[in-house]
Protein chains: 2
Amino acid sequence: MSTQDRPTYAEISSHAGVSQATVSRVLNGDERVHPDRAKRVLESVAALGYRKNRAASALASGRTGLIAVVIDDDMRVFNDPFWSAVSSGVSRVLQTAELQTLLMVSNMTSPTGAIAHYLNSGDVDGAIFFQLHSEEFVSKLAARGLPVVIAGTPLSSADFTYVDSDNFGGARQATHHLLQRGCKSIASITGDINASAARQRLDGYRQGVRDFGIEPDNDLVAYGDYSHESGIEQMRVLLSRGVEFDGVFAANDLMAVGAMAALEEAGRKIPDDVAVVGFDDSLIARTTRPALTTIRQDITELGEAVAELMIQKLAGEETFSRILPTELIVRDSA
Amino acid sequence: MSTQDRPTYAEISSHAGVSQATVSRVLNGDERVHPDRAKRVLESVAALGYRKNRAASALASGRTGLIAVVIDDDMRVFNDPFWSAVSSGVSRVLQTAELQTLLMVSNMTSPTGAIAHYLNSGDVDGAIFFQLHSEEFVSKLAARGLPVVIAGTPLSSADFTYVDSDNFGGARQATHHLLQRGCKSIASITGDINASAARQRLDGYRQGVRDFGIEPDNDLVAYGDYSHESGIEQMRVLLSRGVEFDGVFAANDLMAVGAMAALEEAGRKIPDDVAVVGFDDSLIARTTRPALTTIRQDITELGEAVAELMIQKLAGEETFSRILPTELIVRDSA
DNA sequence: ATGAAAGCGCTAACAA
DNA sequence: TTGTTAGCGCTTTCAT
């Protein structure tokens, strides 16, 4: 809008008394320019209030400076502050590398969708996926040479670069805490078991009990889907099975809160009759009563790590997936 | 990355046997092209798997197809699913108009910041602001001809185009509900009073009591800041004042939950001794016990409305700010 | 180390 | 209605 006729290389070039090529070199950090001339260029840039036209730059160089962040338009995602915190971290870090964040909300990331279209069009320099959609689709993009980083753990063993919290370790930590505080029998309510995080947390729970010489008992595991309702339901299921337990690890805070409601409904006192540990350290963990003991993941760092890996990829450096440590936050429920 | 040497207008043009100008016209929806030739162009496009190069298009046309969504890097924003739901709506609607969403997280939207820089560079076709930062800054951008739409109500009476929930009406509705269920004296805990929404909710509460012939009493108003902690604190303040009340309207759910905790701590039963109504209908309203009666705002629609207004602005149409209706959700707390 | 010059792929006058 | 033709502003060989 409004061709404010801003200065171009032509103006800078004549104002500084150098060629446009030199202006370009200076503005792109090319080393081989005499410091004096570089200084003059920079002065002219400042004097004329010059700002680079990204479209022109993108056209000429083939680099757009845009990184897509692809999110499933899944209610889970948008009711969960988790992903917005990750996005925030991503965006902030990308900005330091002069990269912009393109937010793409996909209702279905089918290879024929508008997003697939866009991602294939070379209009972005890279793509970050939140919870891996169709891994096949993502593999295809990666194979085409598009730098891809994933927030979360891919289901397949494919060699994606990804960053995730230590779901396994966190769940194990939670279980250990319950056992250490004296619980004898620990139950667990899993998240949506189709998601890798839920599986890892279940595995961590199992390892956790094993660490204390207890054989995992399938009767103590109930399969939820991360929702508050499923926390209530699955706790009722556990109670109805008649197996004894005095500790519960729920794969996220929301289910933990649901489970606590069901426990109280059944007349069990928390934490005395049954101790409860969640996962996420979301807002709800602090505000629920009793306050929820939980596993904190550093989601802002997750976002930052993802962005850093992307920057490394773009620079052609080798990248290594990262697992971020979690932390036990002890409150009143366990 | 990887110059997949994708087809350009040159290829389409020769494949379809028309000029590049015609290709451009067809691809940009120019009416005055003979249907037959348009059809041929489209076929060639499909046959060759052509995809437009946005950078080239942007350079030539001056339109980037990018809309910035500017969000304050404020913990409030990223702990609150509110804004991610709005972004989701924005992004989805913009996509239908072939526009992409550029997510810009500002730590300080100072006119000298990187974001200001970007916004001033003509690299975006428009900007959407979440909660108005520096209105002066935004006015300046708008004055330069950048289409701007705001999610939330501007503090000043400036003529921005904005979309907001009916904060006044919702608060009034909440107050009416308390009065209708038999409460005789209603207290209120406000949000951060520097924010327009908090002021509107306070005004709505006052109007609500007045509607029932009661004169608003300043001793019944406590000033919070939207945080859970402030809900607890301000409820304690209210209780310590010694003024009687049997109903409370908190300006958001988080404070309402905090207030309930403080009430129970003081031995007051909810809703019998004191009924509580919140605002937002966030996740926490459903999961807290007793479940919170609250005012729901349709935040996805808010995002969609913002995006629609932006599209209208870009089309040069006149735009009118919108206030979206709220809905009372009755649960157990009132 | 610097400059000249040829595009990058598309759009939009202008002509026809 | 269609085609011709200049660019848009920057990057990048290729010379020097």
Side-chain angles (χ1 to χ4, degrees), chain A residues 1-42 44-45 48-66 98 118 120-123 125, chain B residues 1-42 44-45 48-66 98 118 120-123 125:
Chain A
M1 208 114 281
S2 75
T3 307
Q4 305 265 15
D5 58 9
R6 305 192 289 107
T8 68
Y9 275 12
E11 281 74 53
I12 304 296
S13 156
S14 64
H15 186 274
V18 300
S19 72
Q20 298 195 25
T22 297
V23 175
S24 175
R25 288 187 187 109
V26 171
L27 262 37
N28 291 308
D30 192 319
E31 297 295 298
R32 42 183 198 173
V33 175
H34 190 91
D36 289 355
R37 324 193 91 219
K39 186 157 155 284
R40 266 160 56 203
V41 169
L42 261 8
S44 299
V45 163
L48 303 179
Y50 172 79
R51 274 185 291 251
K52 202 188 261 189
N53 177 321
R54 321 251 326 186
S57 175
L59 176 57
S61 71
R63 276 168 276 108
T64 60
L66 261 29
E98 309 257 86
Y118 204 94
N120 274 314
S121 298
D123 294 326
D125 292 348
Chain B
M1 207 116 281
S2 72
T3 308
Q4 306 264 17
D5 58 8
R6 307 193 287 107
T8 69
Y9 275 11
E11 281 74 52
I12 305 295
S13 159
S14 63
H15 186 275
V18 299
S19 73
Q20 298 196 25
T22 297
V23 175
S24 175
R25 287 187 187 108
V26 172
L27 263 36
N28 290 308
D30 192 320
E31 297 296 297
R32 43 184 195 170
V33 174
H34 190 91
D36 290 355
R37 324 192 90 219
K39 187 156 155 285
R40 267 161 55 203
V41 170
L42 261 9
S44 299
V45 163
L48 303 179
Y50 172 80
R51 274 184 290 250
K52 203 189 260 190
N53 178 321
R54 322 254 320 189
S57 174
L59 176 57
S61 71
R63 278 170 274 109
T64 61
L66 261 29
E98 308 259 85
Y118 204 94
N120 274 315
S121 297
D123 294 327
D125 292 347

Q: Round to the nearest Å and state the distance from B/Leu48 atom CG to C/dG9 atom P.
A: 15 Å
Q) Just how far, in rounded Å, is C1' of C/dG7 from CG of A/Leu59? A) 9 Å
Q. When the distance from CG of A/Asp30 to P of D/dT12 is rounded to whole Å, what number comes out?
A. 10 Å
Q. B/Gln20 CD to C/dA12 P: how many Å, rounded?
A. 15 Å
**Q.** Residue met sooner reading DNA chain D from 5', once B/Pro35 and A/Thr8 are mapped to nucleotides
**A.** B/Pro35
Q. Nearest of D/dT2, C/dA1, D/dT11 to any side-chain atom of A/Asn28?
A. D/dT11
Q. Is there a side-chain contact between A/Ile12 and A/Val18, using heavy atoms and a 4.5 Å cut-off?
A. no
Q.
In this structure, how many angstroms lie between the P atom of C/dT2 and the CD atom of A/Glu31, rounded?
A. 13 Å
Q. Toward the 5' end of DNA chain C, which comes first, B/Ala55 or B/Ala21, by nearest nucleotide?
A. B/Ala55
Q.
Measuring to OP1 and OP2 of D/dT2, would you say a side-chain N or O of B/Ser19 lies under 4.0 angstrom away?
A. no
Q) Between B/Ser57 and C/dT11, is there a side-chain N or O to OP1/OP2 distance below 4.0 Å? A) yes
Q: Write down the distance between CG (A/Asp123) and P (C/dG9), rounded to a whole number of angstrom.
A: 13 Å
Q. Would you say A/Val23 and A/Leu27 make side-chain contact, with heavy atoms under 4.5 Å?
A. yes
Q) Quick one: does A/Arg25 reach the base of C/dG3 with a side-chain donor-acceptor pair under 3.5 Å? A) yes
Q: Let me know the distance between OH of A/Tyr9 and C1' of D/dT11, rounded to the nearest Å.
A: 8 Å
Q: Return yes if some donor-acceptor pair links the side-chain N/O of B/Asp30 with the main-chain N/O of B/Val26 below 3.5 Å, else return no.
A: no
Q: Decide yes or no on side-chain hydrogen bond (donor to acceptor under 3.5 Å, both in side chains) for A/Thr64 and A/Asp125, but give the supporting numbers first.
A: CA-CA 6 Å; A/Thr64 60; A/Asp125 292 348; 3.1 Å; yes
**Q.** B/Arg37 vs D/dT2: side-chain N/O to OP1/OP2 distance below 4.0 Å
**A.** yes
Q | Nucleotide of C/dG3, D/dT2, C/dT11 approaching B/His34 most closely (side-chain heavy atoms) | A | D/dT2
Q: Mind calculating the distance between CG (A/Asn53) and C1' (C/dG9) to the nearest angstrom?
A: 14 Å
Q) Looking at D/dG9, D/dT13, C/dT11, which one has an atom nearest to any side-chain atom of B/Ala60? A) C/dT11
Q: Look at the side chain of B/Arg32 and decide which nucleotide, out of D/dT12, C/dT2, D/dT1, has an atom nearest to it.
A: D/dT1
Q. Are any non-hydrogen side-chain atoms of A/Thr8 and A/Glu11 less than 4.5 angstrom apart?
A. yes
